[in-house]
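Notes follow the structure.
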2 protein chains.
Amino acid sequence: MELQTFLKSRMPLFRGLEDRQIEALASICVPADYPKGRTIFLEGSQAQGLYVVMSGQVKIFKLSLEGREQIIHIYGPGEPFGEVPVFEGGRFPANAEATADSRVLFVPRDGLRRLLENDSTLAMNMLAALSRKLRRFTVKLENLTLKETPQRVAAYLLDLSDRSGGAAEVTLDISKGHLAGLLGTAQETLSRVLKRLSEAGLIRVRGKHIDILDPDGLQAVSDGDDRL
Amino acid sequence: MELQTFLKSRMPLFRGLEDRQIEALASICVPADYPKGRTIFLEGSQAQGLYVVMSGQVKIFKLSLEGREQIIHIYGPGEPFGEVPVFEGGRFPANAEATADSRVLFVPRDGLRRLLENDSTLAMNMLAALSRKLRRFTVKLENLTLKETPQRVAAYLLDLSDRSGGAAEVTLDISKGHLAGLLGTAQETLSRVLKRLSEAGLIRVRGKHIDILDPDGLQAVSDGDDRL
DNA sequence: ATTCCAGCTTGATCCAGGTCAAGGCGCGCG
DNA sequence: CGCGCGCCTTGACCTGGATCAAGCTGGAAT
């Protein structure tokens, strides 16, 4: 079955499970399609389970009263989201919205908890997954509070490059508006920073494609070197 | 035994465990004393286990290259910290230091993992604990990126009051310098904000004791009302 | 009691970056 | 082919809050 293959091969969370566990899991999951822009859940609403991106892209974000948006994370295929209320509190701590046409797997809370209680492999995987998210939060908090915007942009680009094996050309998988939201800045500021980095000869921007001309220089900016 | 009593009664993490599990746990834990100002672990160092505050106070924080400090959390008695590397990565994502003379329980990684694999109650407790931390991170990120300093201060005071049952007088359990670090601002700014809140008749500050004179007004400030 | 000092307050200055406003640019669609 | 609409860039301005620089204060140590 299609779904079982996905669970086994594409999802670190379910790595190492026995086939009959995968079957049990597959039998309780429900896939659903969300068009770009559609809300998946709202902050504060009651959760019935968690979600996994199968295809497309989902943003998790907070809104201020004035409407400013802080993106907490953007998830792609294979990544779970909305786990918190499964284990604590029952309500979502933030909002989720599809940023592209997406297929999303829903995993009901009760069934998942039953599986977790009987399978320590799954439980350890889940503990690792939550720990990874805590680690990312730490990094994000550090970036947002201890780094200036150019540092954050440089760090983001380097991270993107690293994750594609140190490639000299990276492709933004999200719009620049979303990137600004993710980096905790205004779109205008991001635009200006990219320009400055270009003028300094560190990068070249062509739409969503960015050439990293000087990785070391970019690293220096990321580390706080004020060369502009 | 003293230690077992502490584990059973003072720690949500170990709530609901059977006595023989508690015994097993107690037998692998090691308490240690840290004077005020002593480092407990450094970011990036290899972790051998997690910690639990028995008495005193511990701050978890990040440092920028220039030496600015962002406090991520401050933990008191009963609260665990440093869990992340037990389940993922192996290295601490931030620094920990005692902010008061403290007794801290060390729980070795391997023993803990063995217990977790054999006891789903403990595993579910741990999942809940990590989820609670993720939720707090979400709130913290929201406060730091979407709220201005006066809003953060007001929110902190109200939270403090709520946690002591809505008391009209709250006592800061940390120094104002640390509070500034926790709220992502400079000590000078915090001082000025407290003064403004006092002059607006919302609070009265006497050292570490703060009277909340106008909870509704404070709530309004916390929600972004620009009354100063 | 006097000194000392960490912790706090107050004042003055400066700047990163948010906001408002006005175009460009590219692309899908009629 | 050109119209319209997101999305992005550029410019001008303004402000929250960081930083630098003095004092102040209260309690611990002698």
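Quick caveat, the model's predicted, so the values are computed rather than measured. Proteins come first, then strands; the chains are lettered A, B, ... in the order of their sequence lines, and each starts at number 1. Computation of the quantities below employed the complete heavy-atom set of this structure, encompassing side-chain atoms and omitting hydrogens, waters and symmetry-equivalent molecules.
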Side-chain donor-acceptor pair present, Thr99(B), Gln57(B), cut-off under 3.5 Å: yes
Quick check: any donor-acceptor pair below 3.5 Å linking the side-chain of Glu188(B) to the base of dC20(D)? yes
Taking only side-chain N and O atoms of Thr189(A), does any of them lie within less than 4.0 angstrom of OP1 or OP2 on dG17(C)? no
Send over the distance from Glu148(B) CD to dC14(D) C1', rounded to a whole Å. 13 Å
Taking the six-membered ring for Trp, is the centroid-to-centroid distance between Tyr51(B) and Tyr75(B) below 6.0 Å? no
Is any side-chain nitrogen or oxygen of Thr185(A) closer than 4.0 Å to OP1 or OP2 of dG18(C)? yes
Quick one: Lys147(A) NZ to dG17(C) C1', roughly how many Å, whole number? 18 Å
May I ask you to test the Glu79(B)-Val52(B) pair for a side-chain heavy-atom distance under 4.5 Å? no
Arg68(B) has an atom CZ; how far is it from atom C1' of dC20(D), in whole Å? 15 Å
With a 4.0 Å cut-off on N to O distance, would you call Asp33(B) and Arg103(B) a salt bridge? yes
Taking CZ from Arg152(B) and P from dG16(D), how many angstroms apart are they, rounded to a whole number? 13 Å
With distance as the sole criterion, do the side chain of Arg192(B) and the base of dG16(D) form a donor-acceptor contact below 3.5 Å? no
Between CD of Gln187(B) and P of dA21(D) the distance, given in whole Å, is 17 Å
Just so I know, are the side chains of Asn143(B) and Tyr156(B) near enough to count as touching, which here means a heavy-atom distance under 4.5 Å? no
Please check the phosphate of dG17(D) (OP1 and OP2 only) for any side-chain N or O of Thr149(B) closer than 4.0 Å. yes
If I take atom NE2 in residue His178(A) and atom P in nucleotide dC7(D), what distance separates them, rounded to the nearest angstrom? 8 Å
Please report the distance, rounded to the nearest Å, between CD1 in Ile174(B) and C1' in dG7(C). 14 Å
Candidates dC8(C), dT19(C), dT9(D) - which lies nearest the side chain of Lys208(B): dC8(C)
Rounded to whole Å, the NZ-C1' distance (Lys195(B) to dG16(D)) equals 18 Å
Tell me whether the OP1 or OP2 atom of dT9(C) has a side-chain N or O from Lys176(B) closer than 4.0 Å. yes
